[in-house]
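For reference, the structure is listed below as structure tokens.
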Amino acid sequence: MEKFKFDTVILGGGPAGFSAGIYAARGAVSTAIVDISMLGGQPSNYLELENYPAMKRIGGYDLMEKFEEHADMFGVQKFPMQEIESVDLLSNPKVIKTKEAEFEAKTVIIATGASPMKLGVKGEQEFVGRGVSYCAVCDGSFYQDKVVAVVGGGNSAVEEAMYLTKFASKVYLIHRRNELRADKIIQQRAFNNEKMEFVWDSVVEEINGTDTVENVVLKNVKTGEFSNLKIDGIFPYIGMNPNVENINGQIEQDSRGFIITDETMKTSVDGVYAIGDVRNTPLRQVITAASDGAIGAVYAVKYIETLKEVTV
Ligand code: NAP
């Protein structure tokens, strides 16, 4: 097994992680990004972004390629596809063990992001890959001329529903209230799209089918009435849970597991910072993740400098 020593190990190679990498490496500390999958993070799956300043409109994958090239320019070392076995944040140095390697780090910057929340209803797990999908960009083309439903009322649900209208003959958007949470400009586009139909005040109670999804049972939360909706596929987009499996219990987290930081992105453990979607933040955007990365890395570099002072 290979062993590495870095001043900073960044867990997660999305916008927060790459931004931290750029700032840390420019702060002249040795920097690595370790990721359990391919680099790029969540935005790699976004069809398009039009709110990342100066980019006007850019594909998610293309934007993340630019982040990566920028980190490469400063010599950030990249370790994608690492199966993490353990993360010890409380030792000094901190130790990250993966199936492939062991990393020692003076500081760890956690940028592991968040993953889709599940509906938690009967049939959801059973039909994953057979009509239940959490990625419209990955699976949308399987639904050419079919009828699909998206669940949720946030930016993700509405944008992904709009994307699905490129393939599907009809896209229901099932939302538990009668008002969307998504940005007004995104809402307006969805309301103007003839393939979209909104199912308000409703939650999914069951997902049913034989080989693949055939219908869902809905409950109207205002009237208590149940109904059946015939669909070929369902895409839940109801928010995210933090990716903290290897971190739980070592660090202060909120009731949903998001990591609590101060304004320098420092966590409850010295030398450990959390940035982007994994932390308790009021806004989860590429721009805020990148901003967190800059702040966290600058303070991680300052922390490394204080360690040098102690040893002198
Ligand atoms: P979100 O904004 O938290 O929205 C989650 C939606 O799911 C809400 O409408 C919520 O309903 C609904 N919901 C939550 N739990 C539910 C349940 N158990 N059953 C049914 N519905 C449920 O999550 P998101 O859309 O994934 O977005 C996450 C973050 O990424 C946000 O900050 C968002 O702005 C950002 N984002 C931005 C862009 C962009 O700017 N282009 C694109 C994608 C995501 P309520 O409204 O009733 O709470």
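Being a predicted model, the structure only gives us computed values, none of them experimental. Both ligands and their constituent atoms are indexed starting at 1 by order of listing.
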- Protein heavy-atom partner closest to atom 18 (N) of ligand 1 - residue, atom, separation in Å: Ile238 CD1, 3.8 Å

- Provide the closest heavy-atom pair for Ala157 versus Leu173 in the form atom of the first, atom of the second, distance. O-CD1, 3.8 Å

- Message: Using a 4.0 Å cutoff against the non-hydrogen atoms of Arg177, which atoms of ligand 1 qualify?
- Response: 45 (P), 46 (O), 47 (O)

- Query: Counting heavy atoms only, which of Pro116, Gly152, Pro43, Ser156 is nearest atom 26 (O) of ligand 1?
  - Reply: Ser156

- Query: Among all protein non-hydrogen atoms, which one is nearest to atom 9 (O) of ligand 1, and what is the separation to 0.1 Å?
  - Reply: Gly153 N, 3.0 Å

- Note on the structure: Heavy-atom closest pair (Thr165 atom, Lys195 atom, distance to 0.1 Å) is O-NZ, 2.8 Å

- Let me see the working for Glu50 and Arg189 under salt bridge (Lys or Arg N to Asp or Glu O under 4.0 Å), right down to the final yes or no. CA-CA 14 Å; Glu50 55 177 26; Arg189 284 181 201 150; 2.8 Å; yes

- Would you mind telling me which of Ile259, Val108, Ile260 makes a side-chain contact (heavy atoms from CB on, under 4.5 Å) with Thr267? Ile259

- Message: Counting non-hydrogen protein atoms only, what is the nearest one to atom 34 (O) of ligand 1? Give residue, atom name and distance.
- Response: Asn155 ND2, 2.8 Å

- Nearest-neighbour protein heavy atom for atom 35 (C) of ligand 1, which is reported as residue plus atom name and distance: Arg284 O, 3.0 Å

- Relative to each other, are the rings of Phe6 and Phe79 parallel, tilted or perpendicular (30° and 60° limits)? perpendicular

- Task: For residues Phe198 and Phe191, establish whether the separation of their ring centroids is below 6.0 Å.
- Result: yes

- If you measure every N/O of Gly154 against every N/O of ligand 1, is any gap under 3.5 Å? yes

- Query: Do Ile295 and Val298 belong to the same hydrophobic cluster, where Ile, Leu, Val, Met, Phe, Trp and Tyr are linked whenever their side-chain heavy atoms lie under 4.5 Å apart, directly or via other members?
  - Reply: yes

- Among all protein heavy atoms, pick out the one at the shortest distance from atom 42 (C) of ligand 1; state its residue, atom name and that distance to 0.1 Å. Glu159 OE1, 3.3 Å

- Task: Specify the protein heavy atom at minimum distance from atom 10 (C) of ligand 1: its residue, its atom name, and the distance to 0.1 Å.
- Result: Arg176 NH2, 3.7 Å

- Consider ligand 1: state whether an atom of it lies below 4.0 angstrom from any non-hydrogen atom of His175. yes

- Task: Mind checking whether Glu50 contacts ligand 1 via backbone (N, CA, C, O), side chain (CB onward), both or neither, at a 4.0 Å heavy-atom cut-off?
- Result: neither

- Query: Out of Glu179, Arg181, Gln285, whose heavy atom sits nearest atom 2 (O) of ligand 1?
  - Reply: Arg181

- Minimum-distance protein heavy atom relative to atom 3 (O) of ligand 1: Gly239 CA, 4.2 Å

- Query: Hey, do the aromatic rings of Tyr143 and Phe235 have their centres closer than 6.0 Å?
  - Reply: yes

- Between Val204 and Val121, what is the shortest heavy-atom contact and its length? O-CG1, 3.3 Å

- Taking only heavy atoms of Asn51, which atoms of ligand 1 are found under 4.0 Å from at least one of them? 39 (C), 40 (O), 41 (N)

- Task: Measure up the Phe167 and Tyr163 rings against each other and bin them: parallel (under 30°), tilted (30 to 60°), perpendicular (over 60°).
- Result: perpendicular

- Item | atom 28 (C) of ligand 1 touched by protein (heavy atom, under 4.0 Å) | no

